[in-house]
**Student:** 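The structure that follows is given in the form of structure tokens.
Chain letters run A, B, ... following the sequence lines, proteins first and then strands; every chain starts at 1.
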Protein chains: 2
Amino acid sequence: MDSFEVPEVVVLRLPLYVRALSQLRDGGTDVVSSQQLGSLLQMTPAQIRKDLSYFGRFGKQGRGYNVRFLLRELREILGLDREWRACLIGVGRLGHAIINYPGFSPEGFKIVAAFDGDPKQVGTQIGGFTVRPMSDLAETVKEMKISIGIVAVPASEAQGVIENLIENNVKGILNYAPVAPQVPMNTVIRNIDPVLSLQSMTFYLR
Amino acid sequence: MDSFEVPEVVVLRLPLYVRALSQLRDGGTDVVSSQQLGSLLQMTPAQIRKDLSYFGRFGKQGRGYNVRFLLRELREILGLDREWRACLIGVGRLGHAIINYPGFSPEGFKIVAAFDGDPKQVGTQIGGFTVRPMSDLAETVKEMKISIGIVAVPASEAQGVIENLIENNVKGILNYAPVAPQVPMNTVIRNIDPVLSLQSMTFYLR
DNA sequence: TAATGTGAAAACCTTCACAGCT
DNA sequence: AGCTGTGAAGGTTTTCACATTA
């Protein structure tokens, strides 16, 4: 019933609820039960109710959850009721795709600067930004209040770049490099690696 | 000790071991202990030993694991000792990035065909392929022995495309669309959504 | 000595089932 | 009548700790 220590698995599921609720709202649904939400997300209603109960009592017995209300609450719990500023490190093919990905900014994640370690890339234009040298990282992070670093450099450079970000007080890392970076406990890292996803998939396809 | 029913969490970690072992091998390491592997991956040695014990006894007491041997065994367990053929659905910006991503084929995942539902895209060239119409899906999947579908279409079309793939006997889906698709139990789906990753990250950054 | 493999214990997470509210 | 919120039960996953083996 209170929010003392929330299991990490629960936090990982909240964005799923946010997305489903947004879709329900856009579709004109005002109220939803844990049952309906569960069939939408292929989860048990009990799990959804239990997850939500870590943060408060959002539903009405006999009725269900008000979609807009629950959505607003969950967005606030996750800290999505404000804009998050990110920088991109690495402007190769992958970096280009990331900076042009239209899915971030509607959700409040704004990429506001791009860096590259390669002097040949520095000064070039990408997605409306001029690529900066790594030596500008400290100053830019501070000036632009950047709190998230998106890492799209080759595997061999990822650990160094991530350490650089952390030294500059960037505590959230979205890592696209195919490595398992070592980070201190107060840093939050999320890895995106489609190859790992495929490699665990094939176990079941064999 | 035997491989009757392996927990899914364990299967999800095996690719991590494969990647770390590949890097160790490339760095010239012949033998590794669960301790060393653990510190590389930020996991406990006990977890690594327990995970491996579901599949066999790969180590030597007092010594550790032979890197090449364990790597070969794990790759076989995951079904990575053969080539997997995939098709891409959706050749927009994201589709382009996926088809040009150089990380798949060194790991044995080959994209062999590209499709799009938009008649304007059909017939155009992308990554060395001619974009095919969705009406060719059945035939192409059979002819080219495609077992994995990579979905990079807009959210609104993802569910339909995935159903289409499943009807054509594609049992592995790598989904980049920001939706939670409904799939039958014998289908293996993996979702790639950086926005969800960011949205759970911010909970800890607030 | 050094590190594996593994039962048993502990921690963690999910599901049940029902009291209680609308 | 219908659905939430939640203790308790049940299941799963991780960690411990040690016998065993090279």
**Student:** Compare side-chain N and O positions of B/Ser34 against OP1 and OP2 of C/dT4 and report whether any pair is under 4.0 Å apart.
**Tutor:**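 Yes, B/Ser34 has a side-chain N/O under 4.0 Å of OP1/OP2 on C/dT4.
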**Student:** Suppose we screen for side-chain hydrogen bond (donor to acceptor under 3.5 Å, both in side chains). Which residues come up paired with B/Gln23, at least two apart in sequence or across chains?
**Tutor:**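 In terms of side-chain hydrogen bond (donor to acceptor under 3.5 Å, both in side chains), with neighbours along the sequence ignored, B/Gln23 is linked to no residue.
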**Student:** Give a yes/no answer on whether the side chain of B/Arg49 brings an N or O atom under 4.0 Å of OP1 or OP2 in C/dT4.
**Tutor:**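 For C/dT4, OP1/OP2 do have a side-chain N/O of B/Arg49 under 4.0 Å.
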**Student:** Taking atom P of C/dC12 as reference, at what distance in whole Å does atom NZ of A/Lys50 sit?
**Tutor:**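 Going from A/Lys50 (NZ) to C/dC12 (P), I get 15 Å.
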**Student:** Whether B/Gln47 contacts D/dT14 is assessed here as follows: a side-chain N or O lying under 4.0 Å from the phosphate OP1 or OP2. Is that the case?
**Tutor:**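 Indeed, a polar side-chain atom of B/Gln47 lies that close.
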**Student:** Residues of residues 8-17 of chain B with any non-hydrogen atom less than 4.0 angstrom from an atom of DNA chain D: list those, numerically ordered, please.
**Tutor:**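 Going residue by residue through residues 8-17 of chain B, the ones with a heavy atom under 4.0 Å of DNA chain D turn out to be B/Val9, B/Arg13.
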**Student:** Any donor-acceptor pair under 3.5 Å joining the side chain of A/Gln61 to the base of C/dT22?
**Tutor:**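 Side chain to base: no pair below 3.5 Å.
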**Student:** Quick check on C/dT6: is either OP1 or OP2 less than 4.0 Å from any side-chain nitrogen or oxygen of B/Arg57?
**Tutor:**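 Yes, because at least one side-chain N or O of B/Arg57 sits under 4.0 Å from OP1 or OP2 of C/dT6.
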**Student:** Rounded to whole Å, how long is the line connecting atom NZ of A/Lys60 with atom P of D/dT4?
**Tutor:**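 Computing the A/Lys60:NZ to D/dT4:P distance gives 12 Å.
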**Student:** Could you please spell out the steps behind the side chain to side chain contact (heavy atoms under 4.5 Å, CB included) verdict for A/Ile192 and B/Ser197?
**Tutor:** CA-CA 8 Å; A/Ile192 306 280; B/Ser197 298; 3.7 Å; yes
**Student:** Does the side chain of A/Thr44 get closer than 4.0 angstrom to OP1 or OP2 of C/dT14 through an N or O atom?
**Tutor:**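 No.
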**Student:** Could you state the atom-to-atom distance from CZ of B/Phe55 to P of C/dG5 in whole Å?
**Tutor:**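 Rounding to the nearest Å, CZ of B/Phe55 and P of C/dG5 are 14 Å apart.
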**Student:** Separation of B/Arg63 atom CZ from C/dT1 atom C1', in whole Å?
**Tutor:**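 After rounding, the gap between these two atoms is 12 Å.
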**Student:** Using whole Å, what does the distance between atom P of nucleotide D/dC3 and atom CG of A/Leu52 come to?
**Tutor:**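 So the two atoms are 16 Å apart, to the nearest Å.
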**Student:** Please determine whether the number of non-hydrogen atoms from other residues, nucleotides or ligands lying under 6.0 Å from atom CZ of A/Arg206 exceeds 12.
**Tutor:**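 Counting neighbours around CZ of A/Arg206, more than 12 heavy atoms of other residues, nucleotides or ligands fall under 6.0 Å, so yes.
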**Student:** Among B/Val161, B/Val170, B/Ile146, B/Leu165, find the one that has a side-chain contact (heavy atoms from CB on, under 4.5 Å) with B/Leu137.
**Tutor:**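 The side-chain contact (heavy atoms from CB on, under 4.5 Å) with B/Leu137 is passed solely by B/Leu165 among B/Val161, B/Val170, B/Ile146, B/Leu165.
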**Student:** Please determine if B/Arg75 and B/Glu107 form a salt bridge, counting it only when a charged side-chain N lies under 4.0 Å from a carboxylate O.
**Tutor:**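 A salt bridge links B/Arg75 with B/Glu107.
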**Student:** Would you please confirm or rule out a distance under 4.0 Å between OP1 or OP2 of D/dT13 and any side-chain N or O of B/Tyr54?
**Tutor:**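 B/Tyr54 to D/dT13 OP1/OP2: no side-chain N or O under 4.0 Å.
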**Student:** Start with the C-alpha gap between B/Tyr65 and B/Arg49, add the side-chain angles, then the distance that decides, and say whether side chain to side chain contact (heavy atoms under 4.5 Å, CB included) holds.
**Tutor:** CA-CA 10 Å; B/Tyr65 300 90; B/Arg49 295 201 303 276; 3.6 Å; yes
**Student:** Can you measure B/Leu37 atom CG to C/dA3 atom P for me and round it to whole angstrom units?
**Tutor:**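 So the CG-P distance, B/Leu37 to C/dA3, works out to 13 Å.
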**Student:** Would you mind reading off the distance between B/Leu70 atom CG and C/dA3 atom C1', rounded to a whole angstrom?
**Tutor:**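 The distance from CG of B/Leu70 to C1' of C/dA3 comes to 14 Å, rounded to the nearest Å.
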**Student:** If I take atom CD in residue A/Glu5 and atom P in nucleotide C/dA11, what distance separates them, rounded to the nearest angstrom?
**Tutor:**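 The distance from CD of A/Glu5 to P of C/dA11 comes to 15 Å, rounded to the nearest Å.
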**Student:** Tell me the salt bridge (charged side-chain N to carboxylate O under 4.0 Å, His left out) pairs involving residues 169-193 of chain B, sequence neighbours left out?
**Tutor:**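 Residue pairs passing salt bridge (charged side-chain N to carboxylate O under 4.0 Å, His left out), neighbours aside: A/Arg19-B/Asp193, B/Glu8-B/Arg190.
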